[in-house]
2 protein chains.
Amino acid sequence: MRTFVAAADAGRFQDAATDLSVTQQAVSKRIAGLEKSLGVRLFTRTARGAKLTVDGQAFLPHARDLLRAAARAAASVRPGRRALRVDVIGRRLAPADVVRDFHRAHPGIGLDVVTLFDADAAVAAVRSGDIDASFRAVTMPGRQLPDDVAAVRAFDEPVQLLTGPAHPLADAGAVTPERLAGRRIWMPGIVPGTEWAAYYDDLAAAFGLTIEVTGPDFGTEPLLDTLAGSDSLATFVGEQTRLSAPAGHGLRRIAVRDPAPVYPHSLVWHRDNPHPALAALREHLRCGRFAHSAPGTWTPAWA
Amino acid sequence: MRTFVAAADAGRFQDAATDLSVTQQAVSKRIAGLEKSLGVRLFTRTARGAKLTVDGQAFLPHARDLLRAAARAAASVRPGRRALRVDVIGRRLAPADVVRDFHRAHPGIGLDVVTLFDADAAVAAVRSGDIDASFRAVTMPGRQLPDDVAAVRAFDEPVQLLTGPAHPLADAGAVTPERLAGRRIWMPGIVPGTEWAAYYDDLAAAFGLTIEVTGPDFGTEPLLDTLAGSDSLATFVGEQTRLSAPAGHGLRRIAVRDPAPVYPHSLVWHRDNPHPALAALREHLRCGRFAHSAPGTWTPAWA
DNA sequence: GCCACCGCACAACCACCGGTTGTGCGGTTA
DNA sequence: TAACCGCACAACCGGTGGTTGTGCGGTGGC
């Protein structure tokens, strides 16, 4: 591809060869090979050089696109000046939407989204410079952030109840946390010690809920299946969380109000990170349309 | 790249190897080579397979982009279902703007822009299927379109006068064609027999202008230089034509009115071409914002 | 807790890809 | 008409990239 673009720009295989520091014969063989693999002629050979055919003209911008993509790919892992690398807890959860929104607002800023194993790995990666920022609720109790790591409350996401169609609350427009006392809230896969566990522990304690974290996590699909077929099980889910096929299961999302529990997503970054896009991201969060904690909402005391 | 994406998707080099019909050792060597050339580790090897590192996660979408670009490039020259291929007479002239505008209106439609040697080559390419459409003024006298080729008047582009700052008309807001009688209109590079020659011949005859087509064509740069330094030379230029550096030369564009000569760009295509995007392009031209001939404009009788 | 198994890496080997030099041919130019 | 320019073909050869064979470490069953 590089040889093709060079030859198209130079107009002569000879000049392209000197540009690429190879012989003219090598360029000729490369172009011939490319033409053979594509099945079309890309150049018309003349006595004064080589001119693009119609196919070659159509191919050229795509070849340039490919070289640009290759350059971007190489730059994405080059230490030093590279795209902003942000860790989100899951591609279908609210932080991913925030990053998408940021990308729409600043299309020119290169952005790479990754997902680390847990909050500890995220903080370590932020400290080491492997990533530039992370959306993790690292404000949970017992966790002390290192001095060189900063965190701000980024945005609050309301928590909703998810039930099957046969659940007693399925047709309730909204419920209060108190009405959930005594009901079975089932949240398999919550790993003890993580920020999620701390949040739901506090939520349960505050309103007298009983949250079952028992049972192995078989993934979201079986969870939703079980939920859809049960008349007593319910689970909590973030308002912006996209489920795989909510309509197919007949699942219901029920708002929780008075007070509305919100999950405090926060942004973590390294104080010394000079990446200009990091400042833009923080500014975007500060001025964005994302709801911050308001009257009538509930968050854990440590938030 | 393909191996990297396959390994990332499969989560195991072994499975990726079977997908690619090579041995596990080959995949291992390919990944190792890619990692060496990039200078970073892309996978963490575990006993149960290989998981992406942070760098690998960041690299993956770029690798997918690259493969998509490669697929698009290959498709651009594959006979059969491919992007709409349109011939424009020059990337800086009005037809190119029309194509750009069409692309903005229909971002999903693949589009390849090429420039053929002359109108004859364009018609031949349209007949052979090498291109799907061409913006050429093939309505000139003496040229008979084949039966299987259709053409419509696509849009009219006003013709302007281009002069240096010392020209007597430099500060005129607009001129009539009659006022140009006797002045030197210099248009080198107009090849006799082409549609441009026919147009300006008719224009000269209609208003008694004297158009000099003498002199070799050294390209637009020397033309603009000569024009900028002359107090008697002027040339015609399309209203939408982008010049290389008009401000740097102090050149003036002067509208021509009462009547305003307009150049009749037309679209040529093959009657049997079933490409759906071709219909979209024709519809775009029919309903677009491009001025068609209006009262007070002049076109050749054959237009 | 031991052992079998699974998956990746390293070593040796080899075919072929892709580079080089040398040469021929067609077309343009003086 | 002859010299020149630029690309293609031929022969040659080194290195890349594939294969088979094997070792090693971590996981999971019994």
Side-chain angles (χ1 to χ4, degrees), chain A residues 1-57 59-60 63 66-67 70 74 117 121 191 216-218, chain B residues 1-57 59-60 63 66-67 70 74 117 121 191 216-218:
Chain A
M1 284 301 205
R2 214 176 297 282
T3 304
F4 168 72
V5 172
D9 287 342
R12 270 191 290 266
F13 289 7
Q14 196 80 265
D15 297 357
T18 56
D19 289 349
L20 299 169
S21 304
V22 294
T23 61
Q24 166 265 320
Q25 289 87 336
V27 171
S28 180
K29 279 176 87 170
R30 288 181 185 178
I31 300 292
L34 182 60
E35 287 175 331
K36 188 177 177 186
S37 71
L38 291 174
V40 296
R41 207 139 183 82
L42 296 172
F43 288 96
T44 56
R45 279 74 164 173
T46 75
R48 279 258 160 273
K51 284 170 61 74
L52 286 172
T53 63
V54 176
D55 283 316
Q57 285 189 42
F59 191 68
L60 181 56
L66 189 92
L67 295 187
F117 181 66
V191 181
D217 180 21
F218 294 113
Chain B
M1 283 298 205
R2 215 175 297 281
T3 305
F4 168 72
V5 172
D9 287 341
R12 270 191 292 265
F13 289 6
Q14 196 81 265
D15 298 357
T18 56
D19 289 349
L20 300 170
S21 304
V22 294
T23 60
Q24 166 266 319
Q25 289 88 335
V27 171
S28 181
K29 278 175 88 170
R30 287 182 186 178
I31 301 292
L34 182 60
E35 287 175 330
K36 188 178 177 186
S37 70
L38 292 173
V40 296
R41 207 140 183 79
L42 297 173
F43 287 96
T44 56
R45 279 73 164 173
T46 74
R48 279 258 162 275
K51 284 171 60 75
L52 286 172
T53 63
V54 177
D55 283 316
Q57 285 190 44
F59 190 69
L60 181 57
L66 190 97
L67 295 186
F117 181 66
V191 180
D217 181 21
F218 293 114

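Labels below follow one simple rule: chain letters A, B, ... track the order of the sequence lines, proteins then strands, and each chain is numbered from 1.
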Phosphate-side-chain proximity, B/Thr46 and D/dG26, N/O vs OP1/OP2 below 4.0 Å:
no
Rounded to whole Å, the CD1-P distance (A/Ile31 to D/dC9) equals 14 Å
Both B/Ala26 and B/Arg48 contact DNA chain D. Which one's nearest nucleotide lies toward the 5' end?
B/Ala26
Take atom CG of B/Asp15 and atom P of C/dC6, then tell me their distance rounded to the nearest Å.
12 Å
Please name the pair of heavy atoms, one in A/Ala6 and one in A/Leu20, separated by the smallest distance, quoted to 0.1 Å.
CB-CD1, 4.1 Å
Looking at the side chain of B/Ala47, which of D/dT19, C/dC8, D/dG26 is the nearest nucleotide?
D/dG26
Nearest-nucleotide pick for A/Ala50, side chain only, options being C/dG26, C/dG7, D/dC7:
D/dC7
Picking from D/dC7, C/dT20, D/dG25, the nucleotide nearest the side-chain atoms of A/Thr23 would be C/dT20
Presence of B/Arg30 side-chain N/O under 4.0 Å of D/dG18 phosphate oxygens OP1/OP2:
yes
Hey, are the side chains of B/Leu67 and B/Arg2 touching, using non-hydrogen atoms and a 4.5 Å cut-off?
yes
Write down the distance between CD (A/Gln14) and C1' (D/dA8), rounded to a whole number of angstrom.
12 Å
Answer yes or no: side-chain N or O of A/Gln25 and base N or O of C/dG19 forming a donor-acceptor pair under 3.5 Å.
no
Nearest-Å distance for atom pair CG/P, residues A/Leu52 and D/dC7:
13 Å
Starting at atom CG of B/Asp19, determine the distance to atom C1' of C/dG7, rounded to an integer number of angstrom.
15 Å
Once you round to the nearest 0.5 Å, how far does OG1 of A/Thr23 lie from CD of A/Gln14?
9.0 Å
d(CZ, A/Phe13; C1', D/dC9) in whole Å:
14 Å
Once you round it to whole Å, what is the distance between C1' of C/dA9 and CD of B/Glu35?
12 Å
Can you check whether A/Ser28 has a side-chain N or O nearer than 4.0 Å to OP1 or OP2 of D/dA8?
yes
How many Å lie between CZ on A/Arg12 and P on D/dA8, as a whole number?
14 Å
Can you tell me how far CG of B/Leu42 sits from OG1 of B/Thr53, rounded to the nearest 0.5 angstrom?
5.5 Å
A/Lys29 has its side chain closest, among D/dA11, C/dT21, C/dA9, to D/dA11
Within a strict 4.5 Å, meaning less than it, do heavy atoms of the A/Phe59 and A/Leu38 side chains meet?
yes
Base, sugar-phosphate, or nothing for B/Val22, non-hydrogen atoms under 4.0 angstrom?
sugar-phosphate
Per nearest nucleotide of DNA chain C, the residue lying toward the 5' end, A/Ser21 or A/Gln24, is A/Ser21
